[in-house]
S.K.: 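This is the structure, below, for whatever I ask next.
Numbers restart at 1 for each chain; the letters A, B, ... are given by sequence-line order, proteins then strands. Remember, predicted model here, so these are calculated numbers, not experimental data.
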Protein chains: 2
Amino acid sequence: MAESNVTICSTLEALLDGKKYSTIRDVLVTMNPADIAAVFDEVKQERLPVLFRILPKEIAAETFVEMEPDDQELLIHGFSDSELREVLNELYVDDAVDIVEEMPANVVRRILAQATQEMRKDINDILRYPENSAGAMMTTEYVSLRSGMTVGDAITSIRRTGVDKETIYSCYVTEARKLIGMVTVKDLLLAESDDTPIDEIMETNVISVSTLADEEEVALTLSKYNFIALPVVDGDNRMVGIVTFDDAMDVMEEAATEDMEIMSGMTPSDKAYLHSSAFDLFKNRIPWLLLLMISSTFTSMIITGFETALAVHVVLTAFIPMIMGTGGNTGSQSSVTIIRALSLGEVEFRDLPRVVWKEIRTALMCGVVLGVVCFGKLLLFDGLILKNPDVTVMVSLAVSATLAVTVLVAKIIGCMLPMIAKKLNLDPAVMASPFIATIVDAVSLFVYFGISSALLF
Amino acid sequence: MAESNVTICSTLEALLDGKKYSTIRDVLVTMNPADIAAVFDEVKQERLPVLFRILPKEIAAETFVEMEPDDQELLIHGFSDSELREVLNELYVDDAVDIVEEMPANVVRRILAQATQEMRKDINDILRYPENSAGAMMTTEYVSLRSGMTVGDAITSIRRTGVDKETIYSCYVTEARKLIGMVTVKDLLLAESDDTPIDEIMETNVISVSTLADEEEVALTLSKYNFIALPVVDGDNRMVGIVTFDDAMDVMEEAATEDMEIMSGMTPSDKAYLHSSAFDLFKNRIPWLLLLMISSTFTSMIITGFETALAVHVVLTAFIPMIMGTGGNTGSQSSVTIIRALSLGEVEFRDLPRVVWKEIRTALMCGVVLGVVCFGKLLLFDGLILKNPDVTVMVSLAVSATLAVTVLVAKIIGCMLPMIAKKLNLDPAVMASPFIATIVDAVSLFVYFGISSALLF
């Protein structure tokens, strides 16, 4: 949390103790709703309802949207029915849906009971779409224009209906509910004359997404074309809503966070860190730790299998962590690069041969350099400086050769697994460091003991 | 690359062979510039200049902006001076700067020579700001209104000057170049009357960033407030430019990619994967692999130091990878969570005690569960099923206790290091898995041999 929020927060609490409600109101209205929400997040929960009621109506709703779900729930419990109705009336449908999705069933029932009939229908329609789909993230409040309107008609229509629209800047032209064109407010304002028909200036190759498109695809599309909003259409190209850039930004942020969490062996969570309890963190982390611990049984078994050989050349043990570590690191470099390229749509499954070939060449360069440096380091540092008599030329050779081979194998596995996962409709991010490392650990041990046996026994 | 691009690409090449230039033009004008650029990226380089010249002027410039730097350079080399001037005239200043930043010096000189005097000055001004600052990412083409204008005046002014502005939707009111207010086109269109003074409807608490603000901070601010554009001001609150949401989205994407690359031990690169050569990848990866390999010398030395003990209980060797692996995994869970929370501004250095306390409680839960499961697994699976006589109760106890202690240490190190790095103005992402794993490896070995010595000798 930011230092400034803590300061404002204690100021507010002092003003509240002094019952200086109008001063509090004067302070809060100068602030942006996102900042008010951040401050409210720091306030003691029992004071929240009083503070919230001091806010003017429009600011109250905007602030409510920006608050954490637990604070929202607390406020709703304290609201009278008419207060709840007031807040709901000011919300955009997509924001109302976001709130409904986070609330327990009894709160949802109260929200739906107090919403207007139109909003209740819109909320229910959106809730029917699969989670993380374009349909579930869209809003139904967009500017719709009819073919045949002039620029002047369009501007009049926007002026009449615009106040309830999430954005007025992208306007969609429909005919029998089908999306046939798109025109921006910039086009309208800069048109030669108010009498120009919008059909003449509208873009007819409108880029849209289906209601079932994945939210990450929606965000990427919006970002690729630099759109303020993207129309969402059903299977018959009938326009049903829009997704705006601000929601796309949130999806991009969440998707990147989720990928990072999965890549480091955690169940993703959309709770902010300081809002997650230690038990939440434990629940997200322990399954993966257990899985990875159990799967390392294989490495233990391999080592046990070579115990007799290791007893003769105990020095070989000293280099196991280095070989496994390098294998894990080099494999995760490749897997993370490919996972990210897949997320951004830069690489697809059909690029597999190109990717593998690129990684093989990279691996050969890395393998040779690492192998040579390792060989030199073992002979000079361990052999000459530390005077370890067990680090012979043959031992150094076995370790270095293993390193080079491990790098090659790790990079090939690292780049292939995420692509195969994607093809199988699994999340490629699962195939990152911890998973790759476990496989590479086992492979590198076999290589190590294989090469060592050949060279030393 | 997308399958559809390959299809369009071969169609275009066939049309080009048949010299069907007007058909090509008809096909291309239906497409969005971002899609044209993606298709051009797949076309054989020698055909690019011909195809590019077929595009109408406005689309040509927009497509140019979306292309990869190597294709842009190739095209510029083929342009006549007047062609280059034509493309430059259509560019927004921030896009021109992005291109200039990627080009070699001789190309930059040609671009600056052909730009208008005004654009050359703007480009040079922006280039003077530090890389990755708000000043370097902004554009100077925004709608500026004067205090005292009416809504009608403002709309007239936008209609006159809007065509050259990157966005017209956020308009900034200045007085003696100082930023005193902001008004949106929505506010203007929905105002009660054209005679309303803009000073009455404008937002006077304008959120802005300084020219020196970091680009990630700019993107976060824009995303937090859901703004289409964010004004950039100098040290004296004089307005110098705006950053638009589309550039903020690009920064967010790049910042997440960069964090992932650094977190998995790579030098970040802004080249797309398929545009990076194997040698590029090698250069970004090998320094970290070498560093991590060399630093694992410590683990080798620790193991060598305990060689005599290991020779007595060779079975202890078999569990080194499992202990190190679990330590690395659990540490990286904490470090990645904190690195991301720091990136998103959810956590700051002053939260350190709260974070450490949360991680300690999480670690205790994880440590106990992992320790108990590990103890059970060793006794039942390794002891009873595999009938390994070396896995005694005491050995199992040593391994499990080490595991639990390692988890605690790893989580504390994992959460603290990124926060300390941030405080020291280093990139917290450096403190992720590979780095944490190297430290945790060494620590866990000391713990292992310490506990084992106490229990077994």
S.K.: Output yes when a side-chain donor or acceptor of A:Gln333 lies under 3.5 Å from a complementary backbone atom of B:Met266, and no otherwise.
M.R.: no
S.K.: Measure B:Ser334 against the heavy atoms of chain A and call it side chain, backbone, both or neither at under 4.5 Å.
M.R.: both
S.K.: Please identify each residue that fulfils side chain to side chain contact (heavy atoms under 4.5 Å, CB included) with B:Leu190, with sequence neighbours left out.
M.R.: A:Val163, B:Lys186
S.K.: In this structure, are over 12 heavy atoms from other groups packed under 6.0 Å from B:Phe435 atom CZ?
M.R.: no
S.K.: What I'd like to find out is whether the side chain of B:Asn329 reaches to under 4.5 Å of the side chain of A:Arg285, using heavy atoms alone.
M.R.: no
S.K.: Quick one: what part of B:Val315 sits under 4.5 Å from any heavy atom of chain A, side chain, backbone, both or neither?
M.R.: both
S.K.: Counting only non-hydrogen atoms closer than 4.5 Å, does B:Leu292 touch chain A with its backbone (N, CA, C, O), its side chain (CB onward), both, or neither?
M.R.: side chain
S.K.: Which bit of A:Ala341 comes within less than 4.5 Å of chain B, counting heavy atoms only: side chain, backbone, both or neither?
M.R.: side chain
S.K.: Heavy-atom distances under 4.5 Å only: say whether A:Thr297 touches chain B with side chain, backbone, both or neither.
M.R.: both
S.K.: Out of the candidates A:Ile339, A:Thr337, A:Asp259, only one should pair with B:Met260 under the side chain to side chain contact (heavy atoms under 4.5 Å, CB included) rule; please name it.
M.R.: A:Asp259
S.K.: With only heavy atoms counted, which part of B:Met31 is less than 4.5 Å from chain A, the side chain, the backbone, both or neither?
M.R.: neither
S.K.: Does any heavy atom of chain B fall under 4.5 Å from the side chain of A:Ile338, the backbone, both, or neither of them?
M.R.: side chain
S.K.: Mind checking whether B:Asn205 and A:Val29 have side chains closer than 4.5 Å, heavy atoms only?
M.R.: no
S.K.: What part of B:Ala191 is in contact with chain A, defined as an atom under 4.5 angstrom from a non-hydrogen atom: side chain, backbone, both or neither?
M.R.: neither
S.K.: Quick one: salt bridge (charged side-chain N to carboxylate O under 4.0 Å, His left out) partners of A:Lys224, sequence neighbours excluded?
M.R.: B:Asp35
S.K.: With a 4.5 angstrom heavy-atom cut-off, could you sort out which part of B:Ile207 is near chain A: side chain, backbone, both or neither?
M.R.: side chain
S.K.: Does the side chain of B:Met263 reach to within under 4.5 Å of the side chain of A:Val336, using non-hydrogen atoms?
M.R.: no
S.K.: With a 4.5 Å cut-off on side-chain heavy atoms, are A:Leu220 and B:Glu253 touching?
M.R.: yes
S.K.: Specify the closest pair of heavy atoms between A:Arg159 and B:Leu189, including all atoms of both residues, with the distance to one decimal.
M.R.: NE-O, 2.8 Å
S.K.: Quick check on B:Phe381 against chain A: is it the side chain, the backbone, both or neither that has a heavy atom closer than 4.5 Å?
M.R.: side chain
S.K.: Contact part of A:Leu188 toward chain B, heavy-atom cut-off under 4.5 Å: side chain, backbone, both or neither?
M.R.: backbone
S.K.: Please check if the number of heavy atoms outside B:Tyr225 that lie under 6.0 Å from its OH is greater than 12.
M.R.: yes
S.K.: Is A:Ile302 close to chain B through its backbone or its side chain, or both, or neither, when contacts mean heavy atoms under 4.5 Å?
M.R.: neither
S.K.: Identify the two heavy atoms, one from A:Tyr273 and one from B:Glu359, that lie closest to each other, and give their separation to 0.1 Å.
M.R.: OH-OE2, 2.6 Å
S.K.: Are B:Glu66 and A:Asn226 close enough that some pair of their side-chain heavy atoms sits under 4.5 Å apart?
M.R.: yes
S.K.: Counting only non-hydrogen atoms closer than 4.5 Å, does B:Asp390 touch chain A with its backbone (N, CA, C, O), its side chain (CB onward), both, or neither?
M.R.: side chain
S.K.: Check whether any side-chain heavy atom of B:Thr257 lies under 4.5 Å from a side-chain heavy atom of A:Leu344, and answer yes or no.
M.R.: yes
S.K.: Has B:Ser300 got a side-chain atom pairing as donor or acceptor with A:Phe319's backbone, closer than 3.5 angstrom?
M.R.: no
S.K.: Please step through salt bridge (charged side-chain N to carboxylate O under 4.0 Å, His left out) for the pair B:Glu346 and A:Lys271, ending with a clear verdict.
M.R.: CA-CA 11 Å; B:Glu346 288 175 4; A:Lys271 260 196 194 171; over 6 Å; no
S.K.: Is it the side chain or the backbone of B:Leu370 that comes within 4.5 Å of chain A heavy atoms, both, or neither?
M.R.: both
S.K.: Considering only heavy atoms, which portion of A:Ala363 lies under 4.5 Å from any heavy atom of chain B: side chain, backbone, both, or neither?
M.R.: neither
S.K.: Give, as side chain, backbone, both or neither, the part of B:Thr204 having an atom under 4.5 angstrom from any heavy atom of chain A.
M.R.: neither
S.K.: With a 4.5 angstrom heavy-atom cut-off, is it the side chain or the backbone of B:Ser343 that approaches chain A, or both, or neither?
M.R.: neither
S.K.: Hey, are the side chains of A:Ser264 and B:Ser332 touching, using non-hydrogen atoms and a 4.5 Å cut-off?
M.R.: yes
S.K.: For A:Pro321 versus B:Ile320, what's the shortest heavy-atom pair and its separation?
M.R.: CG-CG2, 4.4 Å
S.K.: Please verify the inter-ring angle class for A:Tyr169 with B:Tyr169; under 30° counts as parallel, over 60° as perpendicular, anything in between as tilted.
M.R.: parallel
S.K.: Heavy-atom cut-off 4.5 Å, strictly under: side chain, backbone, both or neither for A:Met324 against chain B?
M.R.: side chain
S.K.: Examine whether an atom of A:Ile228 lies under 4.5 Å from a heavy atom of chain B, and if so say whether it belongs to the side chain, the backbone or both; otherwise answer neither.
M.R.: both
S.K.: Hey, is A:Glu258 close enough to B:Arg340 for a salt bridge, meaning N to O under 4.0 Å?
M.R.: no
S.K.: With a 4.5 angstrom heavy-atom cut-off, is it the side chain or the backbone of B:Lys165 that approaches chain A, or both, or neither?
M.R.: backbone
S.K.: Measure across A:Ser277 and B:Lys358 and return the closest heavy-atom pair with its distance rounded to 0.1 Å.
M.R.: CA-NZ, 4.4 Å
S.K.: What part of B:Ile155 gets closer than 4.5 Å to chain A, counting heavy atoms only: side chain, backbone, both or neither?
M.R.: side chain
S.K.: With a 4.5 angstrom heavy-atom cut-off, could you sort out which part of B:Ile294 is near chain A: side chain, backbone, both or neither?
M.R.: side chain
S.K.: Taking C-beta and beyond as the side chain, do A:Ile286 and B:Met365 meet within less than 4.5 Å on heavy atoms?
M.R.: no
